[in-house]
Amino acid sequence: MKHRANKLFIGLRHRFYANIILCIFAFLMVLPKPLNAAGLIRDAETETLIRAYSNPIFSAANLSAQNIRIHIIGSRSFNAFVVDGQNMFIHVGALMQSKTPNELIGIIAHETGHIAGGHLAGLRRQIARNQGTALVCQVLGILATTAAVASGSGGNVGSAGIAALSGCGSVIQRSILAYRRAHESAADQAALAYLNATGQSSKGMIETFEYLADQGLASLKYVDPYIQSHPMPRQRIAQLRYLAEQSSHYDKLDSPELQLRHDMMRAKIIGYMNRPQIVFNKFKQTDTSYPAQYARAIANYRAGNLKEALRGMDRLIAAMPQNAYLYEIKGQFLFEKGFAKEGIPLIRKALRLTPNEHLMRILLSQALLSANAKKHADEVIVQLKKALVFEKSSVTGYRLLARAYGEKGMVAQARLASAHRYLFEGKLTDAKAQAQWAIKNFRRGSAAWIQADDIINFKPR
């Protein structure tokens, strides 16, 4: 009987830990599945606009020195979250569905509230504190099981232990959820303060919450509010609206210039994310607005109609000659279709207009190597060294750098670049092998030697 009781307890313990792990995965801001399924999206135009939205909010929250990065996840769902004090994630679906800059800024302001409030660290501490409760739960389960065995009520052994463990699991779950609800309310309050401090309306944030509430209202109708990680939608929105309407900025609209940039960004994403025919149906030929022309040009490119895509981009460039991203896209169209030589001057033009767009430097390097690798190797090395100061984890950048060094016969430098590439691809064995070969050819203590040595001694946490 003792062996049977011990075996049963082990099974219950595993089930208990499984439930706790599920709670942590559900209520901590862990990376969601779409990140692995759809990947991260990189685009200079989109990232620059999001920085323009977020920087004033970060400054208002006294976070401007934290170097917070916003990453775009290629998932169509409407979502945003933070995982620590330096990384915010926004689903591309939120960009596509945010009709105004103010709506997206409101989302960023809310997530900034989580970062400024240290909510992720606080939640982890709350879970750690609940570990004590978890230990008590285990003891109660053991006592209940032991008592049932001692009394000879073999049929009640499982039910006694499970009742003790389930009751404690519910207590822990509700404790964590209550903590999360408090965090969400605090992030709402912080977002209102940041928007007011930057002279912006909070109406967009409230409209976003209303949209999300409408999407999930049916499923929440009969839900216990005490087992929700967020405040109940209508109650939350009513509280927010009352406070927001007190602001003198509540009815302030986004500037026409910013709205156009937002619409162009959305059109670009829609053009790339949807099948061409869906784009053509959404943006009819009779729609002559710049965003509609942008989306149709991209759709034509993706449909294989390069001539019409280029004509569309030429019309946009004639209308907006200072828009660097139009030259970049047209240059990319040409390069990707095998006309790198024709695309290079356009990408150079884009870089002259926006010299701090380092993703453009990587694109230019691709085009240069594609056009004539040996001829352009020196320029590519210069461009990539500049870009990789800011794009430190760019796999593409290091792959291109390795190729450029290879064209110059600089094998050790090429191996070191490949080591960085493999490191950021997660291929640690390959990275160390490349670094071990390269380090033999560098002067001890030199910058290249130190980089190779760091990779050789790197240990994942």
Side-chain angles (χ1 to χ4, degrees), residues 28-36 38-121 183-184 187-188 190-191 194-195 197-198 200 202 204-205 208 212 254 258 261-266 268-269 272-273 325 354 356-360 362 387 389-397 424:
L28 273 178
M29 299 289 192
V30 296
L31 298 183
K33 192 174 181 180
L35 179 62
N36 295 322
L40 293 177
I41 291 176
R42 300 299 312 276
D43 176 65
E45 181 176 11
T46 302
E47 292 180 11
T48 297
L49 183 59
I50 290 176
R51 281 197 298 271
Y53 291 165
S54 61
N55 285 346
I57 298 295
F58 293 159
S59 293
N62 294 317
L63 296 174
S64 54
Q66 280 193 227
N67 193 28
I68 298 169
R69 296 197 64 183
I70 298 182
H71 310 272
I72 304 168
I73 297 177
S75 168
R76 293 173 180 269
S77 62
F78 197 117
N79 196 19
F81 59 95
V82 296
V83 296
D84 55 25
Q86 292 187 308
N87 293 281
M88 184 184 298
F89 293 81
I90 300 177
H91 285 201
V92 74
L95 305 185
M96 294 168 69
Q97 295 175 58
S98 296
K99 295 181 175 62
T100 66
N102 189 240
E103 290 179 10
L104 188 54
I105 292 167
I107 295 169
I108 293 170
H110 174 84
E111 297 304 325
T112 301
H114 284 305
I115 294 176
H119 292 167
L120 268 296
H183 281 174
E184 293 301 325
D188 289 345
Y194 306 149
L195 292 166
T198 54
Q200 300 182 85
S202 52
M205 181 175 71
T208 296
L212 294 174
D254 297 304
L258 193 62
R261 289 180 66 187
H262 188 84
D263 292 341
M264 292 289 283
M265 178 265 291
R266 291 182 67 218
K268 184 179 195 176
I269 292 172
Y272 274 112
M273 291 289 291
Y325 306 106
T354 54
N356 293 323
E357 289 290 7
H358 301 288
L359 286 178
M360 285 187 189
I362 295 174
V389 170
F390 300 92
E391 295 292 331
K392 299 180 188 296
S393 59
S394 173
V395 169
T396 300
F424 293 118

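The first residue in the sequence is number 1, and the count goes up from there.
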Side-chain touch [X]/[Y], heavy atoms, less than 4.5 angstrom:
X	Y	value
Ile73	Leu40	yes
Ile57	Leu195	yes
Glu111	Phe89	no
Tyr325	Leu49	no
Ile50	Leu95	yes
Met265	Ile269	yes
Glu47	Leu359	yes
His91	Phe81	yes

Item to check | Gln97 side-chain N/O to Gly93 backbone N/O, donor-acceptor pair under 3.5 Å | outcome: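 Pair found, side chain donor or acceptor close to backbone of Gly93.
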
Next on the checklist: Going by salt bridge (charged side-chain N to carboxylate O under 4.0 Å, His left out), name the residues that satisfy it together with Glu103, two or more places apart in sequence or in a different chain.
Outcome noted: none

Heavy atoms only: give me the nearest [X]-[Y] pair and the separation to one decimal.
X	Y	value
Gly397	Ser394	N-OG, 2.9 Å
Ile41	Gly74	CD1-CA, 3.7 Å
Ala197	Ala60	CB-CB, 4.1 Å
Ile68	Gly85	CG1-O, 3.7 Å
Tyr194	Ala116	OH-CB, 3.2 Å
Pro56	Thr198	O-CG2, 3.5 Å

Got a second to check how far [X]'s [atom1] is from [Y]'s [atom2], nearest 0.5 Å?
X	Y	atom1	atom2	value
Ile105	Met205	CD1	CE	12.0 Å
Ile108	Ser98	CD1	OG	9.0 Å
Thr46	Arg51	OG1	CZ	10.5 Å
Met88	Thr112	CE	OG1	3.5 Å
Met96	Lys268	CE	NZ	14.5 Å
Ile115	Asp84	CD1	CG	7.5 Å

Item to check | Residues that Phe424 engages under side chain to side chain contact (heavy atoms under 4.5 Å, CB included), provided they are two or more places apart | outcome: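 Residues passing side chain to side chain contact (heavy atoms under 4.5 Å, CB included) with Phe424: Ser393, Val395, Tyr398, His420.
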
Checklist outcome for this item: Sorted by chain and residue number, the side chain to side chain donor-acceptor pair (under 3.5 Å) partners of Tyr53 (sequence neighbours excluded) come out as His262

Next on the checklist: Using side chain to side chain contact (heavy atoms under 4.5 Å, CB included), reason through Thr354 and Glu45 one step at a time and then give a plain yes or no.
Outcome noted: CA-CA 10 Å; Thr354 54; Glu45 181 176 11; over 6 Å; no

Item to check | Residue among Asp263, Thr208, Asp254 satisfying side chain to side chain contact (heavy atoms under 4.5 Å, CB included) with Thr100 | outcome: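 Per the side chain to side chain contact (heavy atoms under 4.5 Å, CB included) rule, the option paired with Thr100 is Asp254, out of Asp263, Thr208, Asp254.
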
